[in-house]
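One structure is given here, and the rest of the page talks about it.
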Amino acid sequence: MIVCVCNNISDREIRQAVDLGLTSMAELRRDLGVATCCGKCHTCAREVLNEHLEATVALRETVISRSTVLTN
């Protein structure tokens, strides 16, 4: 889904940026140009960012928990 129409940025691109280490709207603005024109995408972009950050943290916690259990 296109999140930022002005700069043609999709939710997939935002998630990929998070996977590469971006963690804030300021970084998305700087690196992808999200919410730098009309600003209507800011709320949706922030939701995609936060949801993917939370999912990434949950995945890391699961992987860490599994490797702890498997090594014992």
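Note that the structure is predicted; figures quoted are calculated from it, not measured. Throughout, residue positions are numbered sequentially from 1 according to the sequence presented. No hydrogens, no waters, no symmetry mates; every other heavy atom, side chains included, goes into these values.
Under the side chain to side chain contact (heavy atoms under 4.5 Å, CB included) rule, Leu53 has a single partner from Leu49, Val57, Thr56, which is Leu49.
Rounding to the nearest 0.5 Å gives a distance of 12.5 Å between CG of Asp11 and SG of Cys41. Rounding to the nearest 0.5 Å gives a distance of 11.0 Å between CD1 of Ile14 and CG of Asn50. For the atom pair CD of Glu54 and NE2 of His52, the computed distance is 11.5 Å after rounding to the nearest 0.5 Å. Taking CG from Leu28 and CG from Asn7, the interatomic distance works out to 11.5 Å, rounded to the nearest 0.5 Å. Taking CZ of Arg12 as the start and CD1 of Ile2 as the end, the distance is 10.0 Å to the nearest 0.5 Å. In this structure, the separation between CE on Met25 and CG on Leu32 is 9.5 Å, given to the nearest 0.5 Å.
Nearest heavy atoms, Cys4 versus Ala35: SG-N, 4.1 Å.
The environment of Arg30 atom CZ is dense: over 12 non-hydrogen atoms of other residues, nucleotides or ligands sit within 6.0 angstrom.
Inter-residue side-chain proximity for Arg29 and His42 is flagged as met; some heavy-atom pair is nearer than 4.5 Å. Side-chain contact check for Cys44 versus Met1: some heavy-atom pair is nearer than 4.5 Å.
Val34 and Leu20 are members of different hydrophobic clusters when ILVMFWY side chains are connected at heavy-atom separations under 4.5 Å.
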